[in-house]
Peer 1: 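Sharing a structure here in structure tokens format.
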Number of protein chains: 2
Amino acid sequence: MKTEESFKELLFNSPESVFYNISKDDKEYLLKNTECRSYKKNELVFLENTKPSGLICLSEGKVKIFKEGAGGRDQIIRLSRPGGFIGYRALFAGQNYHASAVSIEVSIACTIEKNALFSVMKNDPNLSFAMLSSLATELGVSNMRTVSLTQKHIRGRLAESLLFLIETYGYFDDGLTIKALLSREDIASLSNMTTSNAIRTLSTFAQEGVIALEGRRIKVVEIKMLQKISNIG
Amino acid sequence: MKTEESFKELLFNSPESVFYNISKDDKEYLLKNTECRSYKKNELVFLENTKPSGLICLSEGKVKIFKEGAGGRDQIIRLSRPGGFIGYRALFAGQNYHASAVSIEVSIACTIEKNALFSVMKNDPNLSFAMLSSLATELGVSNMRTVSLTQKHIRGRLAESLLFLIETYGYFDDGLTIKALLSREDIASLSNMTTSNAIRTLSTFAQEGVIALEGRRIKVVEIKMLQKISNIG
DNA sequence: CAATTTTTATGTTTTATAACAAACTAATAT
DNA sequence: ATATTAGTTTGTTATAAAACATAAAAATTG
């Protein structure tokens, strides 16, 4: 089955994966306790306030993790890419999800059953350490994001979001177009601003020659400018 | 030595501590590799961009962890109380500190040497799990804070900060006065607003009879109102 | 205890950004 | 193909919060 193959490759045979160095037996055991399923665009992966059943690993596609804020305005907390985990914070905290997850394009996500994962982790301190390191790194990102979102002005926040998209998803083959076709609303939710202001500021950037817009495609023309705008706030 | 005694009590003999259940040998080993020192008010505990040497545990006092934002305006990321860890995020991420820590009153902090801690953790999966759970819980707090700080209005943010102070430090013996005497500037840094607006909004709350002010002492008169203001944003 | 600095307080002005509105375009369904 | 809905764009107005200014009070220092 194709979906399981790509999952296996990504999770167990990629050197960046936290599962790369676990024993062959453990890999087989985890694989036996994993279920994959596919999601179409805009489908719910998990809902705020429900209980995690395992570690969800994104195998293909893109998923947004977001919280509803005051007045229905969403705040995107994180974007996931293939090979990344979703909802592991709640799992390890022993809590319900604090946010919801929705696919932003056709995706495949696989869930490693909680008890199977925990039993492997108990026997392999390195795996626990890798998870610890991963969570700690994400907490650092979250803290920096808090400061950026609260202190930078609209232009700085949008520029930072675009740089974040580039970092997370890279470019299409042209080496210029950001490989993520978000709606203007999602760009706004990522940058903590209204949709109107996201649109307006994007078109200002385009007028200034920093980026070029073709529908949802965003071409990065002057990345140095983008970095400068992000840094000055 | 008094400082070491209170540290020992807090870290190893309190049921809430992650170190409560480790072996007696491990406790002794960690204690041997721990150094305590005291800090006066407004003294630096660690500086952004430097390398952690171990796990810092606050034994007595209060410490603020903050980042400098655009235009010199600080953002308090977290407040620590006795029994809490400081700077463990950077330690477990294998990174330099992303924030600075400064005591806001006379404090004692003890550092468990990194390698000693790690070797105990490798042999005790439960300890790693406890740390994992602690980090994951904090990440949840951080994510919720991001949404609050970006979406709530000034009144909601200040009310939330006051509730957070109550939760973290509790009350003096009168059962009304928040047991934390922060400067107005620190209250502002915690609530993501200017000092002027923190002062103004505090005095509005006082006029409305929600709180009562006596210098830095804040008496909570109507906690239900405070919760309501925080919730409506 | 006078002098200086820091912190707190309050009033006024300015500005960034949200809120609202209206039209246009693209996507989806009938 | 046409109707309907969802998403994008641009302009205008309203407002929350910052910036600025000044003064009083409290804390610190010589």
Peer 1: Please state whether the phosphate of dA9(C), meaning OP1 or OP2, lies under 4.0 angstrom from any side-chain nitrogen or oxygen of Ser203(B).
Peer 2: no
Peer 1: With respect to the side chain of Ser183(B), which nucleotide from dT8(C), dG11(D), dA17(D) is positioned closest?
Peer 2: dT8(C)
Peer 1: Ignoring hydrogens and angles, are the base of dG7(D) and the side chain of Arg216(A) linked by a donor-acceptor pair under 3.5 Å?
Peer 2: no
Peer 1: For Arg157(B) and dA18(D), give me the distance from atom CZ to atom C1', rounded to whole Å.
Peer 2: 11 Å
Peer 1: May I ask you to say what Thr195(A) touches in the nucleic acid, namely base, sugar-phosphate or nothing, with a heavy-atom cut-off under 4.0 Å?
Peer 2: nothing
Peer 1: How long is the line joining CG of Leu181(B) and P of dT7(C), in whole Å?
Peer 2: 15 Å
Peer 1: In whole Å, what is the span from the CZ atom of Arg73(B) to the P atom of dA16(C)?
Peer 2: 15 Å
Peer 1: Do other residues, nucleotides or ligands put more than 12 heavy atoms under 6.0 Å from Asp174(A) CG?
Peer 2: yes
Peer 1: Indicate whether OP1 or OP2 belonging to dA9(C) is found under 4.0 Å from a side-chain N or O atom of Arg184(B).
Peer 2: yes
Peer 1: Could you give me the CA-CA distance, side-chain angles and deciding distance for Arg216(B) and Leu182(B), then say whether side chain to side chain contact (heavy atoms under 4.5 Å, CB included) is met?
Peer 2: CA-CA 7 Å; Arg216(B) 290 192 179 182; Leu182(B) 303 200; over 6 Å; no
Peer 1: Ignoring backbone atoms, test whether Thr194(B) places a side-chain nitrogen or oxygen under 4.0 Å from the OP1 or OP2 oxygen of dA17(D).
Peer 2: no
Peer 1: Any heavy-atom pair between the side chains of Glu208(A) and Glu222(A) that's under 4.5 Å?
Peer 2: no
Peer 1: Under 30°, 30 to 60°, or over 60°: which ring-plane class applies to Tyr88(A) and Phe92(A), parallel, tilted or perpendicular?
Peer 2: perpendicular
Peer 1: Provide, to the nearest angstrom, the distance between the CD1 atom belonging to Ile104(B) and the P atom belonging to dT7(C).
Peer 2: 14 Å
Peer 1: Does the distance from Cys110(A) SG to Cys36(A) SG come in under 2.5 Å?
Peer 2: yes
Peer 1: Nearest whole Å is fine: how far is dA17(D) C1' from Asn197(B) CG?
Peer 2: 6 Å
Peer 1: Using a heavy-atom cut-off of 4.0 Å across all strands, would you classify Ile154(B) as base, sugar-phosphate, or nothing?
Peer 2: sugar-phosphate
Peer 1: Report the residue (Lys41(B) or Met193(B)) whose heavy-atom-nearest nucleotide on DNA chain D is the more 5′ of the two.
Peer 2: Met193(B)
Peer 1: Please report, rounded to the nearest Å, how far the P atom of dT8(D) is from the CD atom of Glu214(A).
Peer 2: 15 Å
Peer 1: Taking the minimum atom-to-atom distance to the side chain of Ser196(B), which one of dT8(D), dT12(C), dA21(D) wins?
Peer 2: dA21(D)
Peer 1: Grab the CG-C1' distance between Leu182(B) and dT7(C) for me, whole Å please.
Peer 2: 14 Å
Peer 1: For Arg155(B), which contact category applies under a 4.0 Å heavy-atom criterion: base, sugar-phosphate, or nothing?
Peer 2: nothing
Peer 1: Expressed as a whole number of angstroms, how long is the span from Arg200(B):CZ to dA17(D):P?
Peer 2: 12 Å
Peer 1: Could you check His153(A) against Glu185(A) and say which one's nearest nucleotide on DNA chain D is further toward the 5' end?
Peer 2: Glu185(A)
